[in-house]
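Numbering of ligands and ligand atoms starts at 1, following listing order.
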Amino acid sequence: MAQNDDNLLKKITGHAKEYGFIFPSSEIYDGLAAAYDYGQNGVELKNNIKEYWWKAMVQMNENIVGIDAAIFMHPTTWKASGHVDAFNDPLIDNKDSKKRYRADVLIEEVVAKYEAKIAKEVEKAKKRFGDDFDEAQFLATNPNVKRSQDKIDEIENRLGTSLEKGDLADIKALIEELGIADPVSGSKNWTDVRQFNLMFSTELGSLAEGANKIYLRPETAQGIFVNYLNVQKTGRMKIPFGIAQIGKAFRNEIIARQFIFRMREFEQMEMQFFVKPGEEMTWYENWKAKRIAWHKALGLGEENYRFHDHINLAHYANAATDVQFNFPMGFKELEGIHSRTDFDLKAHEEHSGKKLQFFDPEENKSYVPYVIETSIGLDRMFLAIMSASYTEETLEDGSERTVMKIPAALAPYKVAVLPLVKKDGLPEKAREILSDLRFDFNCQYDEKDAIGKRYRRQDAIGTPFCVTVDYDTMEDNTVTIRDRDDLSQIRISIDELKSKLKESCALEGLLKKL
Ligand code: GAP
């Protein structure tokens, strides 16, 4: 992967727009901050990511089923879940620049600087010691690394405690002690830290009818919790079992930037796994292992993932970790894995007056199950794939290309069928091949411009294979098939095309690795 810089994110944003992956929302009116529209290629990639997730989570697991709950929910849902009272971000304004920031993010950026210092020391030492380098020992003993690590621990502990206690004055004090300046103006003239609720609200019904304040859901999870009993009973599910869902969520983020990393309207793919109380930590570890395997099967580079355990637990969790990905902005949260205890189901029992329990025939008693949750942002997953796939290359003949090395199974199109020239029956033959392949694969047809230019267009949208129909095709029913990544071209019979494409592009290949 990729350089760790703003420039790469800018290039990806530009490429995504130029090649129909992502457009700023309502762009003809100059766009709307932190809202984006997926274009003709973006929607294909997004759908393929969803399918990979849904198949891995639902179809491959006998004890997991899916639902699709409404975005609008009874307002008491959000009182019970704790979101009305506790779904806040601490914000701070700079009095000179009038810019608003998340106070905890400003502090975490200082931590990231110390982490970068450690990474630099490790790189230097690796070069110095070569094959003899023992990273674990170096991290434990090098005085520079230890100094940075002590500082990280000190800052994180202080921030964690202050957030937990809601001690906003101490968060401001920490910002001042660390000498944090506004990244835009350099000013250190800060307001006090305030809490800001992230839920969007609107009214249900007209005012005359007595409108009711309702919220746009900030997570899909609550749609699963309130349906726990419906699914358990109608599906005759036995503990342990899971309910999965893909859907939109909305958060009024204070700082929404970095392209589709932090949006105000985004999509989540969540799964709640209901387990026997006391067994939650075993299942927590189990889901951590399963989810990291799902990520790594994509081949985006093992070194681009790491776990980051939470020190500051959300109001519902007794353990939580992030799967972080090495985005162009550095390692950031891609997915959350949380042990949510029985917090949600118990709270819904209390607020609704309905029992949400499971009768365990082995134990001969009823209990409120504990929950392990896996929650991944679809848009962040999209950005992770775009970041790891974006490649600029100089070819042997000195020409340059930009190629999206998207995992073949997720690529918007699997194959482009290209007649070498626009005459002598070649386009008709190409269309004949296309009409057969499109039952199994999303295909493109292109006959405009020189063949090299057409290859570049397919490289730019990540099509793994180009099939070229030439004069030999008319004689012997063979075509050339060009590989996007290594640029090799082989000649194969048209009859073999489907099996060749299936072997390289089917989701089955990814799912079998899990
Ligand atoms: N139900 C648990 C939950 O919502 P979370 O850590 O707040 O947990 C889960 O969110 C995932 O949703 C994150 O790991 C991230 O990928 C995605 N996500 C959260 N806020 C987002 C935002 N503003 N824009 C894009 N994705 C977001």
Side-chain angles (χ1 to χ4, degrees), residues 22 25 32-36 38 46 49-50 53 69 71 73 77-78 80-83 86-89 102 104-105 163 196-200 215-226 242-273 284 287-288 291-292 294-295 305-325 327 329 331-341 343-345 347 371-387:
I22 297 174
S25 160
L32 179 72
Y36 289 92
Y38 285 82
K46 204 178 183 199
I49 299 170
K50 285 192 215 178
W53 186 86
I71 287 172
M73 301 181 70
T77 309
W78 304 110
S81 69
H83 284 82
F87 195 51
N88 301 316
D89 273 348
R102 261 178 64 177
D104 56 332
V105 170
L163 285 170
F196 177 78
N197 192 285
L198 297 182
M199 282 198 293
F200 283 105
Y215 297 99
L216 294 184
R217 67 182 178 196
E219 61 170 7
T220 56
Q222 297 305 323
I224 289 179
F225 290 125
V226 299
I243 307 179
Q245 176 170 216
I246 300 177
K248 290 261 178 166
F250 304 83
R251 295 182 190 179
N252 198 1
E253 299 283 0
I254 303 165
I255 37 157
R257 48 174 187 239
Q258 296 173 325
F259 194 30
I260 54 171
F261 182 79
R262 198 177 298 287
M263 301 156 91
R264 298 204 167 98
E265 172 184 343
F266 58 100
E267 238 170 311
Q268 289 186 317
M269 306 191 287
E270 296 202 299
M271 193 277 302
Q272 270 65 41
F273 199 70
Y284 175 69
W287 278 107
K288 272 176 72 174
R291 291 305 303 148
I292 200 74
W294 183 90
H295 286 286
Y305 299 91
R306 69 180 190 197
F307 283 113
H308 180 258
D309 295 335
H310 290 202
I311 35 154
N312 170 39
L313 291 172
H315 58 275
Y316 50 72
N318 70 355
T321 194
D322 295 337
V323 176
Q324 291 190 334
F325 185 77
F327 288 100
M329 317 77 81
F331 275 96
K332 302 258 177 212
E333 175 184 351
L334 169 60
E335 171 162 5
I337 300 168
H338 312 127
S339 172
R340 285 183 84 127
T341 67
F343 174 88
D344 301 87
L345 289 181
V371 171
I372 304 302
E373 157 183 87
T374 72
S375 174
I376 175 170
L378 176 53
D379 313 271
R380 281 197 195 171
M381 188 60 207
F382 192 108
L383 183 59
I385 292 171
M386 293 290 277
S387 319

Cation over ring, Arg291 on Trp294, under 6.0 Å and within 45°?
yes

What are the distances between nitrogen or oxygen atoms of ligand 1 and protein nitrogen or oxygen atoms, counting only those under 3.5 Å?
from, atom 1, to, atom 2, distance (Å)
ligand 1, 1 (N), Glu219, OE1, 2.6
ligand 1, 1 (N), Glu270, OE2, 2.5
ligand 1, 1 (N), Arg340, NH1, 3.4
ligand 1, 1 (N), Glu373, OE1, 3.4
ligand 1, 1 (N), Glu373, OE2, 2.9
ligand 1, 4 (O), Arg251, NH2, 2.9
ligand 1, 4 (O), Gln268, NE2, 3.0
ligand 1, 6 (O), Glu333, OE2, 3.0
ligand 1, 7 (O), Arg251, NH1, 2.9
ligand 1, 7 (O), Arg251, NH2, 3.0
ligand 1, 10 (O), Gln268, NE2, 3.4
ligand 1, 12 (O), Gln268, NE2, 3.3
ligand 1, 14 (O), Glu333, OE2, 2.6
ligand 1, 14 (O), Leu334, O, 3.4
ligand 1, 16 (O), Leu334, O, 2.8
ligand 1, 16 (O), Gly377, N, 2.9
ligand 1, 20 (N), Arg251, NH1, 3.4
ligand 1, 23 (N), Glu253, OE2, 2.8
ligand 1, 23 (N), Met263, N, 3.4
ligand 1, 23 (N), Met263, O, 2.8
ligand 1, 24 (N), Phe261, O, 3.4
ligand 1, 24 (N), Met263, N, 2.9

Would Phe331 and Tyr305 count as a close aromatic pair, with their ring centres under 6.0 Å?
no

Quick test of your reading: applying salt bridge (Lys or Arg N to Asp or Glu O under 4.0 Å), list the pairs with at least one residue in residues 309-324, sequence neighbours left out, ordered by first then second residue.
none

Return yes if some donor-acceptor pair links the side-chain N/O of Arg264 with the main-chain N/O of Glu253 below 3.5 Å, else return no.
yes

With a 6.0 Å cut-off on the ring centroids, do Phe382 and Tyr38 count as close?
yes

Walk me through it: do Glu219 and Arg251 pass the test salt bridge (Lys or Arg N to Asp or Glu O under 4.0 Å)?
CA-CA 9 Å; Glu219 61 170 7; Arg251 295 182 190 179; 5.3 Å; no

